[in-house]
Amino acid sequence: MSLAVRVIPCLDVDAGRVVKGVHFEHLRDAGDPVELAAEYYRQGADELTFLDVTASSSGRATMLDVVTRTAEQIFIPLTVGGGVRSWEDVDSLLRCGADKVSINTAAIADPALISRIADRFGNQVLVLSVDARRERGERHTVSGFEVTTMGGRHATGIDTLWWAKRAQDLGAGEILLNSMDADGTEQGFDLEMIAAMRRRVDIPIIASGGAGRVEDFPPAIKAGANAVLAASVFHFGKVSIAEVKGALQDAGYEVR
């Protein structure tokens, strides 16, 4: 029996406020994270994801406070990412009420961090966030997709599919696959990238980047995603969680 498809609003948090832009630039205020999280919970979100987009040490206390206050109001899984560099960071977030923790740049610098976190807390806690785009310039990857950092501004030259498979082998429990080419454009998910990732890994894939209309969501599941994540279309009222779930049901997918 297949698992129900999950619909996940993503809240990018900067200095205690939700922000959203295009390709992580031109950020605009989208509201209070705790209030938005509570509203998405009421609307039927299956999970929530917080990403600390500044992820500075000065902002750590603010983010922990946001997580604590949010966990007191919602009763669905909460994933938190941004600036997580050690198992101690994971421990702090879990103690504040997070259910899962997303890692990205730190895992690229030290892949063994994936195993350390998975061994200590279980792989169900660990989400590998992959900011991927089609390769540019002179460096080429086998798949044609490369991993980036710094909101897509820094190309690593690492093959996206190779990296996801390695992370799975090291203990990652899920892949949050964010298309940097599509991020914030509202032109639809990168279906080719999702399908390629599905052929490479067995763990759940969360599709992110590009949702603009309710019709964009079912194709992402058909391509191989287990969950769909979006930000702008939810924050600014263009699409509701109920509408997304209705479209997924109409396409024949089980939803909660």
Side-chain angles (χ1 to χ4, degrees), residues 2-12 18-28 30-31 36-37 39-41 43-51 53 76 79 81 102 127 129-134 143-145 148 151-152 160-161 164 174-201 204-256:
S2 62
L3 296 176
V5 173
R6 292 169 288 151
V7 178
I8 308 174
C10 180
L11 292 81
D12 296 327
V18 176
V19 296
K20 190 56 188 171
V22 178
H23 304 311
F24 285 82
E25 297 179 343
H26 310 297
L27 301 179
R28 54 178 172 156
L36 275 174
E39 178 58 28
Y40 289 140
Y41 173 62
Q43 290 181 20
D46 299 305
E47 297 186 12
L48 285 172
T49 293
F50 279 171
L51 294 179
V53 298
I76 53 176
T79 300
S102 172
V127 179
S129 181
V130 180
D131 292 338
R133 72 180 184 197
R134 281 167 172 74
S143 70
F145 301 109
T148 70
T160 298
L161 304 188
E174 286 186 279
I175 301 290
L176 171 53
L177 180 61
N178 186 38
S179 169
M180 299 310 300
D181 295 317
D183 179 75
T185 65
E186 301 185 7
Q187 298 298 307
F189 293 96
D190 190 327
L191 304 180
E192 181 185 359
M193 183 187 291
I194 295 167
M197 181 66 74
R198 179 75 289 156
R199 292 190 292 269
R200 195 63 180 268
V201 301
I205 298 169
I206 304 167
S208 171
R213 306 172 303 152
V214 69
E215 293 85 0
D216 291 332
F217 291 87
I221 303 302
K222 183 177 181 181
N226 304 90
V228 284
L229 179 147
S232 297
V233 292
F234 292 143
H235 300 340
F236 302 116
K238 295 183 178 180
V239 173
S240 72
I241 293 169
E243 288 171 334
V244 172
K245 289 193 171 187
L248 291 169
Q249 281 186 311
D250 289 345
Y253 299 110
E254 180 185 352
V255 298
R256 291 191 175 95

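Here the structure is a predicted model, which means the values were calculated and not measured.
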Looking at Thr49 and Thr79, would you say the former's side chain and the latter's main chain have a donor-acceptor pair under 3.5 Å? no
Enter the distance from Leu36:CG to Gln43:CD here, rounded to the nearest 0.5 Å. 9.5 Å
Any side-chain to backbone donor/acceptor pair from Asp181 onto Arg134? Under 3.5 Å, distance only. yes
Could you tell me whether the side chain of Lys245 reaches within less than 4.5 Å of the side chain of Phe217, counting heavy atoms only? no
Side chain proximity check, Leu161 to Arg199, heavy atoms < 4.5 angstrom: no
So, does Tyr40 use its side chain to make a donor-acceptor pair with the main chain of His235 at under 3.5 Å? yes
Inter-residue atom distance Asp183.CG - Asp131.CG, 0.5 Å rounding: 8.0 Å
The reported gap from CD1 in Ile241 to OH in Tyr41 (rounded to nearest 0.5 angstrom) is 12.5 Å
Find the distance between CG (Leu177) and CE (Met197) and round it off to the nearest 0.5 Å. 4.5 Å
d(Gln187 CD, Ser179 OG) to nearest 0.5 Å is 12.0 Å
Result for side-chain hydrogen bond (donor to acceptor under 3.5 Å, both in side chains) between Asn226 and one of Arg198, Glu174, Arg6 points to Arg198
Taking the side chain as everything from C-beta on, heavy atoms only, tell me whether Arg133 gets closer than 4.5 Å to Asp190. no
Shortest non-hydrogen contact from Cys10 to Leu51? SG-CD1, 3.9 Å
Can you give me the closest heavy-atom contact between Ile76 and Ala45, atom names plus distance? CD1-O, 3.3 Å
Calculate, to the nearest 0.5 Å, the distance between atoms CG and CZ belonging to Leu229 and Phe234 respectively. 8.0 Å
Heavy atoms, side chains only, cut-off 4.5 Å: are Val7 and Val255 in contact? no
For residues 206-216, run the donor-acceptor check on the side chains, cut-off 3.5 Å, and write out each pair with its distance to 0.1 Å, sequence neighbours left out.
residue, atom, partner, partner atom, Å
Ser208, OG, Asn178, OD1, 2.9
Asp216, OD2, Gly212, N, 2.8
Asp216, OD2, Arg213, N, 2.9

Counting only N and O atoms by type, is there a donor-acceptor contact under 3.5 Å from the side chain of Thr160 to the main-chain atoms of Phe145? yes
